Amino acid sequence: MPSKEDTSIELTGSDRPGLLSEVSAVLTDLRCNVVNAEIWTHNARAAAVIHVTDQATGCAIEDPKRLSMIKKRLGNVFKGNSSFRTPKMTISSPGPVAMNRDRRLHQMMFAARDFERLEYAQDTNSRPHVTVLDCSDRDYTVVTIRSRDRPKLLFDTVCALTDMQYVVFHGTVITGRMEAYQEHYIRHVDGLPLRSEAERQRVTECLEAAIERRAWEGLVLELSTEDRFGLLSDVTRVFRENGLCIKRAVITTKCGKAKDTFFVTDVSGNSVDSKTVEMIRQQIGQTILRVKGNLNFSPKLPQEGTRSFLFGNLFKGRSFQTFKLIKSYS
């Protein structure tokens, strides 16, 4: 977690293979030690929250000239592939109460409009199924979502609705072996339900994007070793040189130990060849780089016919009102 002793860097821009490697190389060259970071990519956008310290002092970087140089160098990295939107960057010292990092990344990706599908984006069977319907007798809009179940799914859904300024009044979640079904009764903060087809379409697209941002079924590489200056730059360089593309990453250090998790594909977005993975492990160290997830994956949701199990196991349902997860408005 961030502290008063580090400097926070937030970056958003266009994604491309090798981006994290270039960012970490610049930070290493500028004598910035990465202590914690999280990077998300989705729909050709990238967002990162990175916490760094001065390599010499181990404290936050406060020199204005040095901060200006960091901003300039990192800006050049992101400008190198800004095909559709101007990159954004902020550098600051975290306050006494820092925002949840996942929450902040959702806000950054939403601001980068990653819910807008690019013309060349591929449609896959793993996309969440979202429907938006009127509940005119009670002045609600009903949103239903069917997707693969995973940790933090409800969190991601509620973040998206909050970013769009909707209030959830009632809701239910039903989970099965692999699938989750959500039902939310919402209104806009002005107290009104959704009023147009364009608004319904936007809600659908934003909810799909929020769920897809960290849905993953492919290869995961976990690095666990003694922390040292430049470690992230070295590891990501090896990934880049062997044709790996980092789709998401979680970087943590604690008590001199580094534990990093990388969600990767090849440069075409396909599964990574097992020979390539073994070659990378030999270069980095087989005992410190472990393989998780699937080398060969086919991202498919259960067929529509399997949906019935959701309603056959209602004892797994969870009501928001029961757990008081969301404030109720009258």
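Remember, it's a predicted structure, so these values are computed and weren't measured experimentally.
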Item checked: Working for salt bridge (Lys or Arg N to Asp or Glu O under 4.0 Å), residues E22 and R16 -> CA-CA 10 Å; E22 294 181 39; R16 69 172 185 273; 2.6 Å; yes

Margin query: Under a 3.5 Å distance rule, please check whether R146 uses its side chain to pair with a backbone N or O of E179 as donor and acceptor.
Written below: no

Next item on the list: Using modelled atom types only, decide if a donor and an acceptor are shared between the side chain of T261 and the backbone of A249 within a distance under 3.5 Å.
Entry: no

Next item on the list: Go through the steps for E197 and R200 under the test salt bridge (Lys or Arg N to Asp or Glu O under 4.0 Å), then give the verdict.
Entry: CA-CA 5 Å; E197 181 58 34; R200 283 188 283 270; 3.3 Å; yes

Check: So which heavy atom on Y166 is nearest to which on L194, and how close?
Finding: CE2-CD1, 3.6 Å

Next item on the list: Inspect the surroundings of CZ in R290 and state if more than 12 heavy atoms from other residues, nucleotides or ligands are less than 6.0 Å away.
Entry: no

Next item on the list: Would you check, one step at a time, whether the test salt bridge (Lys or Arg N to Asp or Glu O under 4.0 Å) holds for D156 with R103?
Entry: CA-CA 8 Å; D156 294 343; R103 179 76 187 93; over 6 Å; no

Checklist line | Derivation of the side-chain contact (heavy atoms from CB on, under 4.5 Å) call for K247 and H42 | finding: CA-CA 8 Å; K247 294 299 185 180; H42 177 251; over 6 Å; no

Next item on the list: Classify the angle between the aromatic ring planes of H106 and W40 as parallel (below 30°), tilted (30 to 60°) or perpendicular (above 60°).
Entry: perpendicular

Item checked: R248: partners by salt bridge (charged side-chain N to carboxylate O under 4.0 Å, His left out), with sequence neighbours left out -> none

Item checked: Electrostatic pair D102-R213, nearest N-O below 4.0 angstrom -> no

Item checked: Intermediate values then yes/no, salt bridge (Lys or Arg N to Asp or Glu O under 4.0 Å), D234 and R228 -> CA-CA 10 Å; D234 292 342; R228 61 173 174 80; 2.9 Å; yes

Check: Going only through I, L, V, M, F, W and Y residues with side-chain contacts under 4.5 Å, is there a path from V49 to L11?
Finding: no

Check: So with a 6.0 Å cut-off around CZ of R138, is the heavy-atom count from everything else above 12?
Finding: no

Checklist line | R45 side-chain N/O to A112 backbone N/O, donor-acceptor pair under 3.5 Å | finding: yes

Checklist line | Side-chain donor or acceptor of S24 paired with backbone N/O of L20 under 3.5 Å | finding: yes

Margin query: Donor-acceptor check, side chain of T53 to backbone of A60, threshold 3.5 angstrom: yes or no?
Written below: no

Next item on the list: Verify side chain to side chain donor-acceptor pair (under 3.5 Å) between Q201 and E205, making sure each step is shown before the conclusion.
Entry: CA-CA 6 Å; Q201 181 64 27; E205 293 173 350; 3.0 Å; yes

Next item on the list: Taking N242 for its side chain and V238 for its backbone only, find out whether a donor-acceptor pair lies under 3.5 Å.
Entry: yes

Next item on the list: Could you tell me which residues satisfy side chain to side chain contact (heavy atoms under 4.5 Å, CB included) with R281, sequence neighbours excluded, listed by chain and number?
Entry: V277, E278, Q286, L289, V291

Next item on the list: Report yes or no: is the cationic atom of R187 (NZ for Lys, CZ for Arg) under 6.0 Å from the centre of the six-membered ring of F169, at an angle within 45° of the ring normal?
Entry: yes

Item checked: T157 and Q182: CA distance, side-chain angles, deciding distance, side chain to side chain donor-acceptor pair (under 3.5 Å) verdict -> CA-CA 9 Å; T157 302; Q182 301 180 61; 3.1 Å; yes

Margin query: Between N43 and D114 (side chain of the first, backbone of the second, donor and acceptor by atom type, cut-off under 3.5 Å), is there such a pair?
Written below: yes

Check: Charged N to carboxylate O under 4.0 angstrom, D149 versus R177?
Finding: no

Note to self: Using a strict threshold of under 4.0 Å (side-chain N to carboxylate O), is an ion pair present between K88 and E10?
What the structure shows: no

Margin query: Taking N270's backbone N and O only, do any of them form a donor-acceptor pair with S268's side chain (distance below 3.5 Å, no angle check)?
Written below: no

